Amino acid sequence: MNYWLMKSEPDVFGIDDLKSRKDQTEPWDGVRNYQARNMMRDDMKKGDQIFFYHSNCDVPGIVGIAEVVREGYPDHTSWDPESKYYDPKSNEENPRWFMVDVKYKKKFKRTISLNELREHAQVLSDLALLRKGNRLSINPVSKDQWDYICGLE
DNA sequence: GCCAACGTTGGC
DNA sequence: GCCAACGTTGGC
């Protein structure tokens with residue numbers, strides 16, 4: 001099993017939004033970055049665990065856990081001209097962008113903030129999230145990192 | 001709102 | 001293939 005961290009802006013779609021969705025499940029659409037696409041298309045498997053990260057907000061940090069419930073499939077918003085994620089270079093015959101479905105698992109009692117994670121830089125030195133200039137919306141997390149961060153709650 | 005870091009685009 | 005210009009991300 002693999003572990004991931006996925007960023008989302010709580011003003012747009014936060015963990016409470018995921019929890020209140022039908023089946024507590026949502027397609028992770030709108031990702032328009034090739035590295036992130038490749039991870040969703042090739043690497044994220046059913047049952048993989050996900051840290052749900054809130055970005056661009058008062059206290060950025062990990063707020064809970066989700067799970068991959070459907071593996072990579074074409075992101076149909078990419079060929080919908082009405083969608084804000086529309087990409088004229090993508091179409092149904094030759095989809096350029098992919099997504100996975102994620103399901104709510106739990107919300108942490110408190111936010112494990114980016115600042116707090118930085119305080120553990122000794123242990124989490126390889127955490128992609130903490131690397132300078134990291135803007136990837138999906139990051140791999142090792143099992144050790146996963147267990148350690150879960151222990152912080 | 002600012003700005004550093006990074007990705008993408010397109011002319012050459 | 002280079003690189004300047006531009007757009008986006010995301011912390012602060």
Side-chain angles (χ1 to χ4, degrees), chain A residues 2-21 26-44 48-68 71-142 145-146 148-153:
Chain A
N2 287 314
Y3 301 89
W4 309 92
L5 179 146
M6 297 175 97
K7 299 177 185 174
S8 189
E9 300 185 21
D11 289 348
V12 179
F13 187 82
I15 192 160
D16 293 329
D17 296 308
L18 180 61
K19 187 178 180 181
S20 63
R21 281 298 190 274
E26 182 78 356
W28 204 267
D29 60 9
V31 172
R32 297 293 178 266
N33 170 282
Y34 288 104
Q35 271 181 272
R37 177 205 67 180
N38 292 348
M39 286 189 264
M40 288 199 291
R41 188 189 57 188
D42 306 331
D43 302 328
M44 297 181 78
D48 283 2
Q49 301 295 110
I50 302 160
F51 281 138
F52 200 112
Y53 180 90
H54 280 176
S55 66
N56 245 319
C57 54
D58 282 353
V59 184
I62 297 168
V63 293
I65 293 174
E67 179 179 323
V68 178
E71 296 177 9
Y73 63 107
D75 180 349
H76 56 79
T77 65
S78 68
W79 58 72
D80 174 7
E82 302 298 311
S83 169
K84 61 177 172 176
Y85 302 126
Y86 177 60
D87 177 354
K89 290 172 181 165
S90 182
N91 57 64
E92 231 168 323
E93 292 71 37
N94 193 12
R96 172 171 297 211
W97 303 110
F98 286 72
M99 59 188 178
V100 297
D101 286 356
V102 307
K103 179 169 185 167
Y104 172 87
K105 292 280 285 186
K106 69 175 283 191
K107 185 177 177 178
F108 288 157
K109 297 181 194 71
R110 62 185 189 86
T111 299
I112 302 173
S113 71
L114 179 60
N115 276 334
E116 180 176 353
L117 291 169
R118 286 208 181 99
E119 291 169 12
H120 299 269
Q122 290 265 10
V123 185
L124 300 174
S125 57
D126 291 330
L127 192 68
L129 179 75
L130 298 182
R131 279 208 290 268
K132 188 180 176 186
N134 167 53
R135 300 186 326 175
L136 255 191
S137 61
I138 304 176
N139 293 323
V141 175
S142 74
Q145 290 164 344
W146 178 273
Y148 184 80
I149 292 169
C150 286
L152 296 176
E153 187 191 354

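Numbered from 1 within each chain, the chains take letters A, B, ... in sequence-line order. The shown structure was predicted, so the numbers you read here are calculated from the model rather than taken from an experiment.
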Just N and O in the side chain of [X]: are any of them under 4.0 Å from OP1 or OP2 of [N]?
X      : N      : value
A:Y53  : C:dG11 : yes
A:K132 : B:dA5  : yes
A:Q35  : B:dG7  : yes

Problem - Ring centroid separation A:F52 to A:W4 under 6.0 Å - result: no

In whole angstrom, give the distance that lies between atom [atom1] of [X] and atom [atom2] of [N].
X      : N     : atom1 : atom2 : value
A:R37  : B:dT8 : CZ    : C1'   : 14 Å
A:K7   : C:dT8 : NZ    : C1'   : 12 Å
A:N56  : C:dT9 : CG    : C1'   : 7 Å
A:K84  : C:dT8 : NZ    : P     : 13 Å
A:N33  : C:dG7 : CG    : C1'   : 13 Å
A:N134 : B:dA4 : CG    : P     : 18 Å

Exercise for the section: Take A:K107 and A:D16 through the salt bridge (charged side-chain N to carboxylate O under 4.0 Å, His left out) test and state the conclusion after the steps. Expected result: CA-CA 8 Å; A:K107 185 177 177 178; A:D16 293 329; 3.1 Å; yes

Fill in the blank from the handout: Heavy atoms of A:M40 and A:F98 approach each other most closely as CE-O, 3.0 Å

What pairs of donor and acceptor atoms, side-chain ones from residues 125-135 of chain A against any protein atom, are under 3.5 angstrom apart with sequence neighbours left out?
residue : atom : partner : partner atom : Å
A:N134  : OD1  : A:L136  : N            : 3.2
A:N134  : ND2  : A:A128  : O            : 3.4

Completion exercise
Residues in residues 113-125 of chain A with a heavy atom under 4.0 Å of DNA chain C, by number, are A:L114, A:R118

